[in-house]
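Here the structure is laid out as structure tokens; the discussion comes afterwards.
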Amino acid sequence: MFERILRWTLVAIAVAGLVAGGLAHAVGRPEWAGIAFTASTVPVIAGLIISIIRDVLAGRIGVDAIALVSMSAAVVLGEPLAGAVVALMYSGGNVLEDIAVARAEHDLRALVDRAPRIAHRWREDRIEDVAVADVAVGDRLMVRAGEIVPVDGVVETVLAVVDESALTGEPIPVSKTRGMAILSGSLNAGETFELSVTATAGESTYAGIVKLVTSAQTAKAPFVRLADRYALIFLPVSLTIAAAAWFASGDLIRALAVMVAATPCPLILAAPVAFIAGVAQAARSGILVKGGGKLEALARAHTVLFDKTGTLTVGGARLLSVEAAPGEDADNVLLLGASLEQASHHVLAHAIVEAGHARGLRLKVPERVRETMGSGLEGAIDGRRISAGSPDLILGSHAPPSWAARAIRRASWRSALIVLVAVDGKPIGALLLADELRADTPRAIRWLREAGIARMVMVTGDRAAAAQAIGAALDLDAVLADRVPSDKVDAVKSEQRLHPTIMVGDGINDAPALASADVGIALGARGASASSEAADVVILADRLDRVGEAIVIAQRARRIALESIIAGMALSFIAMGAAAFGLLQPVPAALVQEAIDVAVILNALRALLPAGRGKSGQITAEDGRGLRHDHQALLRGLDRLRAIVDALDEASPEQAISLIVEANALVQDQVVAHERDDEGSVYPRLARLLQDSHGLSAMSRAHREILHLARLLGRVVEDLPSEKVDRYLIRDAQRVVEAIETLVRMHTAQEDDIYEAVAARSAA
């Protein structure tokens, strides 16, 4: 704060000195003008000396040294106006950076404020509210529904349901039984429970995260400015030319003119202006960059580390599929389950109800609902007893029927939770819920690859099985699972030793890693203020693809800054040559340098403008809605294909024939027709809009594979009258139908991703 005030003060002094000197000249008092110019230059020189000493002690030297030499020489050799002009440009360049930082800079107050201040402690037979700092090991606390656990402890009640996503990255609330450990910073997602304190507030998990963030920020290596690198060349060359001019002419004023012309205003101004313009351009896209230096670092990135939960994925439970028992309807299973779950406040209940509404089901009002905390609930709908909950609650000690065992197995494979639905005690279906990829995640990964990011790694606190599945789907370079916050910091530091590294996250558990990375990027839309405070870049919209956009903006700003620096240095060298031959005196040299500065600034301001894109056509928002509508209709057919695959497990030969014929009709009428339409009309339009056709070539290959599988299924149906329908034929047909359903579902998601990207590009 003191340095910022000092910089603004020096700018004010420089402006005041130039104004006062100008007025003195206007009234015919040149001696007063000289005093005013000198008085405005000396404080800037003093501040610059302190800054250079600090940089030298830290092992750095940059553009500041040339400014110091030219201002000091101007004052000593009686050219105060030249010194005052250089003082204004130097101090103004520093303030430009402060303006950008001041727009976004925050401390870690929000992270600390999230921690509870009050704990509910049992004292004999009553509860008293005490400061968290006064809680001691062994105390017994009560944590109410919706509260944050204040300190580490162990559960003392039968069951507690807590949301640890902010700490561990695990997206689904977990159940804790008596004696199990519970972490401070967790959210009580169930009913009130009691815990026995095992660590004080200062030694608990949450306090450890705050300490990690603080230490990571203070330990981060200082950033080396782009301009400082060029100053290593510019400084000795300028001094050499000035010395040569003095030696050849014997005139110190000529050497001063060279140094004034060499004043590194293109270096001082070009990069800050370009990067601050880039910051402003990013802000228009909902990307808040905390200063031009952070944008400059972003442009150099080689490696990106991602958190999983809430970053690559949506960060909560979503309905993956409905597994119906033989003879039952999947929509009816969801209808009954969602209707009953309306009476629960559990996070899974909300996801099930939302899924029911999304499918257009008219939910019914449950009666006499009784909830077993953390396991499920039971109630009456239309006079029937409906239950929904865990397999243990619904099945008790009975072995699951074969369809339920298959559903439980699938849930395990997909790292999903399973909710069984029963009517009058008989299971009729299962709901599989899990975290899922964001819709824009594949597009974001592709954009990052196109922007030159060479390595992408997922680092998450989630289980290895769930993390590996996401990593494989996105073709990431590495997956690091079961990582606590300190492990994430270690992962960042390991990558930093090799290349400039970005960390992208959204939760409290990501904050230490965000603070450690060369650039920390937080997805701020979900309200994770701790990560936002620790990060260098905050994506205000809940859009992962904005990370790639931020890098593209940063790279363009850096390219413009380089152009400005090189052009400014070239023009400065020309001016220095003129001064060395006596063609420019110090004040005219300062004015020429000012003209160079204006040209450099105008060029650097191009970073305010969005990059132009050539367009040979457009996909409109209406086109996009039409394409997505077609896909929604196709997905309903795919849901039926999945149900047919399951039904074939236990179908009789007669039933199998009917199911295979139905599957073939769906494939031919919906899938094949859709793929042929895409290949004939949609893809040619996309090819005119995309910069390259590699993505479409891969999509066309998927079309060919889908059509090949469809032909195989058609052959199976053609041969049914003459073939013996045994379990081998049924199994072969089942495999083909399942392959078609899986491939088309993935292919459709990829198409949606491309359509949205092209529509967004057309609208830009």
Side-chain angles (χ1 to χ4, degrees), residues 108-122 127-157 159-216 307 309-310 347 374 460-462 482-489 505-515 526-534:
L108 294 174
R109 185 176 59 255
L111 177 59
V112 177
D113 286 348
R114 184 184 183 272
R117 296 285 186 269
I118 300 296
H120 314 302
R121 183 172 63 185
W122 280 99
I127 295 176
E128 60 179 5
D129 289 345
V130 298
V132 172
D134 295 334
V135 172
V137 174
D139 284 349
R140 188 182 178 96
L141 304 182
M142 180 180 71
V143 182
R144 295 171 179 150
E147 289 187 340
I148 294 172
V149 179
V151 294
D152 292 352
V154 296
V155 178
E156 291 293 337
T157 47
L159 184 70
V161 180
V162 292
D163 179 357
E164 297 180 333
S165 60
L167 301 173
T168 66
E170 169 59 54
I172 307 297
V174 295
S175 297
K176 302 277 190 177
T177 56
R178 189 190 304 274
M180 293 182 68
I182 201 162
L183 304 176
S184 61
S186 303
L187 176 69
N188 182 3
E191 302 296 328
T192 298
F193 67 87
E194 296 180 4
L195 66 83
S196 177
V197 177
T198 58
T200 62
E203 299 298 325
S204 290
T205 300
Y206 195 83
I209 291 177
V210 175
K211 293 174 184 175
L212 276 173
V213 175
T214 305
S215 62
D307 173 49
T309 304
V347 64
T460 177
D462 205 353
D482 297 311
R483 292 318 200 254
V484 299
S486 59
D487 294 332
K488 291 186 176 184
V489 173
D506 77 318
I508 293 172
N509 62 318
D510 302 320
L514 292 172
R526 297 177 69 240
S529 58
S531 58
S532 299
E533 297 294 342

At their closest point, which heavy atom of [X] faces which heavy atom of [Y], and how far apart are they?
X	Y	answer
S196	G138	OG-O, 4.3 Å
A199	V151	O-CB, 3.6 Å
V162	S186	CB-CB, 4.4 Å

For this session: Give a yes or no on whether a salt bridge exists between D307 and K488, defined as a side-chain N under 4.0 angstrom from a carboxylate O.
Result: yes
Problem set entry | Non-neighbouring partners of D487 that pass side-chain contact (heavy atoms from CB on, under 4.5 Å), sequence neighbours left out | R483, V484, D490
Problem set entry | Set of salt bridge (Lys or Arg N to Asp or Glu O under 4.0 Å) partners for R178, sequence neighbours left out | none
Exercise. With E156, which residues qualify under salt bridge (Lys or Arg N to Asp or Glu O under 4.0 Å), at least two apart?
Worked result: R140
Exercise. So which of V135, D139, I118 actually passes side chain to side chain contact (heavy atoms under 4.5 Å, CB included) with V130?
Worked result: V135
Exercise. What residue among L141, V161, I182 forms side chain to side chain contact (heavy atoms under 4.5 Å, CB included) with F193?
Worked result: I182
Exercise. Is the closest side-chain donor-acceptor distance between W122 and E194 under 3.5 Å?
Worked result: yes
Exercise. Without hydrogens or angle criteria, can the side chains of S184 and D152 be said to hold a donor-acceptor pair below 3.5 Å?
Worked result: yes
Seminar exercise, completed: One should read off an interatomic distance between T460 OG1 and D510 CG, to the nearest 0.5 angstrom, of 8.5 Å
Exercise. Looking only at atom types and distance, does a side-chain atom of N188 sit under 3.5 Å from a main-chain N or O of R144, one as donor and one as acceptor?
Worked result: yes
For this session: Kindly say whether A181 contributes a backbone atom to a donor-acceptor pair with the side chain of K176 at under 3.5 angstrom?
Result: yes
Counting C-beta onward and ignoring hydrogens, is there a side-chain heavy-atom pair between [X] and [Y] closer than 4.5 Å?
X	Y	result
L195	V149	yes
T177	V155	no
S175	L159	yes
V143	H120	no

